[in-house]
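Below you'll find the structure, written out as structure tokens, and then a few comments.
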There are 2 protein chains.
Amino acid sequence: MVSSKDVAKHAGVSQTTVSRVLNTPEFVKPKTIEKVMKAIEELNYIPNDIARSLVQKKTGIITLISGPLHNPFFVDTTTAIVNYVNSRGYKVNVYFGTEDNLDSIYNAVLETKADAIILSSMLFQDDLFFKLEKRGIPFIMFNRKHQENRHFVEIDNVNAGYIAANHVLSLGHQSICWIGGPHQMSTFDGRYQGFKKAVKNHGIDAKSIPTFITNTNKKDIERAFDELLKLDIRPTAICAATDAIAIEILNLCLERGFQVPKDFNVIGIDNVELSKHHSIALTTVGLTSEENLGFIAIKKLFEVMEKKSTCIQQTESVKLFPRNTTCKNELI
Amino acid sequence: MVSSKDVAKHAGVSQTTVSRVLNTPEFVKPKTIEKVMKAIEELNYIPNDIARSLVQKKTGIITLISGPLHNPFFVDTTTAIVNYVNSRGYKVNVYFGTEDNLDSIYNAVLETKADAIILSSMLFQDDLFFKLEKRGIPFIMFNRKHQENRHFVEIDNVNAGYIAANHVLSLGHQSICWIGGPHQMSTFDGRYQGFKKAVKNHGIDAKSIPTFITNTNKKDIERAFDELLKLDIRPTAICAATDAIAIEILNLCLERGFQVPKDFNVIGIDNVELSKHHSIALTTVGLTSEENLGFIAIKKLFEVMEKKSTCIQQTESVKLFPRNTTCKNELI
DNA sequence: CACCAAAATGGTTACGTATTCATTTCTTTA
DNA sequence: TAAAGAAATGAATACGTAACCATTTTGGTG
């Protein structure tokens, strides 16, 4: 391992000067720069970023705790976040959190020196929030928020749920249902609140509406779908809390020989890139803005790191994206 | 920032002992461990992994240079790689390489102290290969290989191309075409070689077959597809070099009002997770083994890091996965 | 030519840990 | 109880860089 000392010796200058050539060349005589650069070249010297981190107390690393990529939402956000972070000259440590591995991820992350953390895995009540605040590293949540109501960027979940339910109800569907995830996550909770509100607005008793609260892995969604098929009155429209769930429902429908939207209407929330594919063409609710939620969040996080902002509390507006998985209820 | 020295002082021991408590507690008296742990607790001490990296000359970081996630192949490999690396207690620096940003990624990566590198972006002739060997860091390529023929895990690309072409030809399609990427990438080159071989085996002059070599972003694929539609004899089967291309072709077909497989048969290569979705149901060619290619590669990389292996040269066998985007040519 | 300010360079230290080697303390056994 | 060996601890150092402060060199001016 060739160090800046070796370069210094080889160039006949001090290590300090080598450091200056690389960081503040404007304070070094051109001729000296030349000498040092030549030595760097000849010795094939590469600065040790670890040593630099130690002395500067900056790692240039952002930690991302994302959900798994089989959820297309995280495909979009991970892309946006990683690319933005790298374009800013930082590195990204990526973790894909699931129910199983979150604890070990948190342990690893808390023992890692990163300049900031961006995560989506936070629960509404989560000790992690306080651990992070105690740790003193800037952090931001995207998609989900904590009950402390700080450091988050989310979509207007309540309104999204409302718009989704309202859409299918307005299309004449009398018998609808909800498939969502655990309400410890602000996302699912908010969206379901909005869903219920729309249902009530249409004069329907929310309690009469079949509601499936499930984990979001494939198997559990399938289990919920099987339950759904057993209902006495089979719903004509399925409101899914996320596009990921909706797209998996789509898959299950086709697998079982049902047609969408003929047999079932399906609507999601998130307006994921994949939902735009013409083989999917999922009706969904998503950001009014063109920007990706992960992108909005990571930009905000950099603002915090640069002390331009201190506390982020941002809720983005949403709108309907009608596509081919919903249609007027023919039975009317 | 509370350091191990602070803990030492607070516990009334030396810094060395603090270090030992954390790393080799079997050499420390139980009572001393207790004292130190109490101090760690009280001071809320967290070891500085950067300082540790500096002295141990190990960062615990693996660099992953992947392709972009809008390519579903990289969704699968990134998932497999990141999860495996994290399960081994390492961290992953992720980059998504495109035509535009590869140079800056390489610069960043070469200046980053990682314990190893796993990448898919290598060209068949690529200076990067030699730079990496010079750098002396273990590295492995997945999906693509370099002409030096070392450090790679790939699928049997030639056979994959052969199987794909053979499949549609055997279904009675006389007029077929090829859409692939630049041949500087071993993947595209190998697959096209196999495609041509199958064509010849069916007594067709390979030169008569329309061949579109395109960049793999959405716009360029669309451009190729438009060219395809202008052909005098419109092909009934489209062989795509990757599932990513095939799935985008699917999208374009539907967008333009064509039906698959009625108007066009489409076949891909890679057997990407998304291809199994019933809305897509893409016929494709993929690994015989159940394991993901990224998973195979990252396991091999760890073997190299542990000096169990030195040079990886692995080609995995493939087979056909017939689904709904291909069918017998009705015109026969 | 002498002097002074500005420019350029160098010596030393800190960052926080693991490691090496030396020293002290404890345990066992004759 | 003394000696020898084992167990436990500590002091000093290295890792490779940036930063701070001190020193030398340069260039311009009277």
Side-chain angles (χ1 to χ4, degrees), chain A residues 1-40 43-61 89 91 110-115 135-137, chain B residues 1-40 43-61 89 91 110-115 135-137:
Chain A
M1 176 66 1
V2 34
S3 73
S4 57
K5 272 185 190 167
D6 302 324
V7 173
K9 196 175 293 177
H10 193 264
V13 298
S14 71
Q15 182 268 332
T16 307
T17 297
V18 175
S19 175
R20 259 193 291 256
V21 167
L22 294 172
N23 298 300
T24 53
E26 61 272 24
F27 295 144
V28 186
K29 199 160 53 169
K31 213 172 167 184
T32 309
I33 295 185
E34 206 177 315
K35 267 196 304 183
V36 172
M37 291 308 287
K38 193 178 152 225
I40 287 177
L43 297 181
N44 192 31
Y45 165 72
I46 296 167
N48 185 323
D49 61 332
I50 296 291
R52 180 186 296 138
S53 292
L54 183 61
V55 59
Q56 294 195 138
K57 309 194 170 218
K58 268 193 186 183
T59 59
I61 294 178
K91 286 154 273 179
L110 286 169
E111 295 205 347
T112 299
K113 276 263 173 302
D115 292 345
R135 192 91 167 72
I137 308 174
Chain B
M1 176 66 1
V2 35
S3 73
S4 57
K5 271 185 192 169
D6 301 324
V7 173
K9 197 175 295 177
H10 193 265
V13 298
S14 72
Q15 182 268 331
T16 308
T17 297
V18 175
S19 175
R20 260 193 289 256
V21 167
L22 293 171
N23 299 300
T24 53
E26 61 272 22
F27 295 143
V28 185
K29 200 160 52 168
K31 213 172 167 183
T32 311
I33 294 185
E34 206 177 314
K35 268 196 303 183
V36 172
M37 290 308 286
K38 192 177 153 225
I40 287 177
L43 297 181
N44 192 31
Y45 164 73
I46 296 167
N48 185 323
D49 62 333
I50 295 292
R52 180 186 297 139
S53 292
L54 183 61
V55 59
Q56 294 196 137
K57 307 192 174 222
K58 268 193 186 183
T59 60
I61 294 177
K91 287 154 271 178
L110 287 169
E111 296 205 346
T112 299
K113 277 262 173 302
D115 292 345
R135 192 90 166 72
I137 308 175

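Throughout, a chain's letter reflects where its sequence line sits, starting with A, and its residues are numbered from 1.
- Following rounding to the nearest Å, His10(A) (NE2) and dG16(D) (C1') show an atom-to-atom distance of 19 Å.
- For the atom pair Met1(B) CE and Lys57(A) NZ, the distance stands at 7.0 Å (nearest 0.5 Å).
- Panel note: side chain Ser14(B), backbone Thr17(B); a donor-acceptor pair is recorded below 3.5 Å.
- Between Glu111(A) and Ile46(B) the shortest heavy-atom distance is CA-CG2, 4.0 Å.
- Following rounding to the nearest Å, Lys35(B) (NZ) and dG10(D) (C1') show an atom-to-atom distance of 12 Å.
- Distance Asn48(A) CG to dA14(D) C1': 13 Å, rounded to the nearest Å.
- Distance Arg52(A) CZ to dA19(D) P: 10 Å, rounded to the nearest Å.
- Other residues, nucleotides and ligands place more than 12 heavy atoms under 6.0 Å from the NZ atom of Lys35(B).
- The phosphate of dA8(D) (OP1 or OP2) has no side-chain N or O of Lys31(B) nearer than 4.0 angstrom.
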Report summary line: Protein heavy-atom contacts under 4.0 Å, written 5' to 3' over nucleotides 23-28 of chain D as B (base), S (sugar-phosphate only) or - (none), form the string ------

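- For the segment residues 11-20 of chain A, the set of residues with a heavy atom within less than 4.0 Å of an atom of DNA chain C comprises Gly12(A), Val13(A), Ser14(A), Thr16(A), Thr17(A), Arg20(A), in numerical order.
- For Met1(A) and dC15(D), the CE to P distance is 12 Å, given to the nearest whole Å.
- Atom-to-atom, NZ of Lys5(A) to P of dC15(D) comes out at 7 Å; the value is rounded to the nearest Å.
- Side-chain contact between Val21(B) and Phe27(B): absent, with no pair of heavy atoms (C-beta onward) separated by less than 4.5 Å.
- Checking side-chain atoms of Asp115(B) against main-chain N and O of Lys58(B) turns up no donor-acceptor pair under 3.5 Å.
- Counting 5' to 3', DNA chain C first comes under 4.0 angstrom of a heavy atom of chain B and last does so at the ends given by dG16(C) to dT20(C).
- Checked for salt-bridge contact, Lys91(B) and Asp49(B) meet the test: a charged N lies under 4.0 Å from a carboxylate O.
- At distances below 3.5 Å, at least one donor-acceptor pair connects side-chain atoms of Asp6(B) with backbone N or O atoms of Ser3(B).
- For Ser4(A) (side chain) and Ser19(A) (main-chain N/O), no donor-acceptor pair under 3.5 Å exists by modelled atom type.
- Backbone-only contact: Asn23(A) has heavy atoms under 4.0 Å from sugar-phosphate atoms and none from a base.
- One atom, CZ of Phe27(B), and another, P of dA6(D), lie 14 Å apart when rounded to the nearest Å.
- Checked by atom type and distance alone, the side chain of Thr59(B) pairs as donor or acceptor with a backbone atom of Ile61(B) at under 3.5 Å.
- Using a 4.0 Å heavy-atom cutoff across all strands shown, Thr32(B) reaches sugar-phosphate atoms only and no base atom.
- If Pro30(B) and Ser3(A) are placed on DNA chain D by their nearest nucleotide, the residue sitting closer to the 5' end is Pro30(B).
- A donor-acceptor contact shorter than 3.5 Å links the side chain of Arg135(A) to the backbone of Leu110(A).
- If you measure from atom CD of Gln56(B) to atom P of dG16(D), you get 14 Å, rounded to the nearest angstrom.
- For the residue pair Ala51(B) and Leu54(A), the shortest heavy atom distance occurs at CB-CD1, 3.7 Å.
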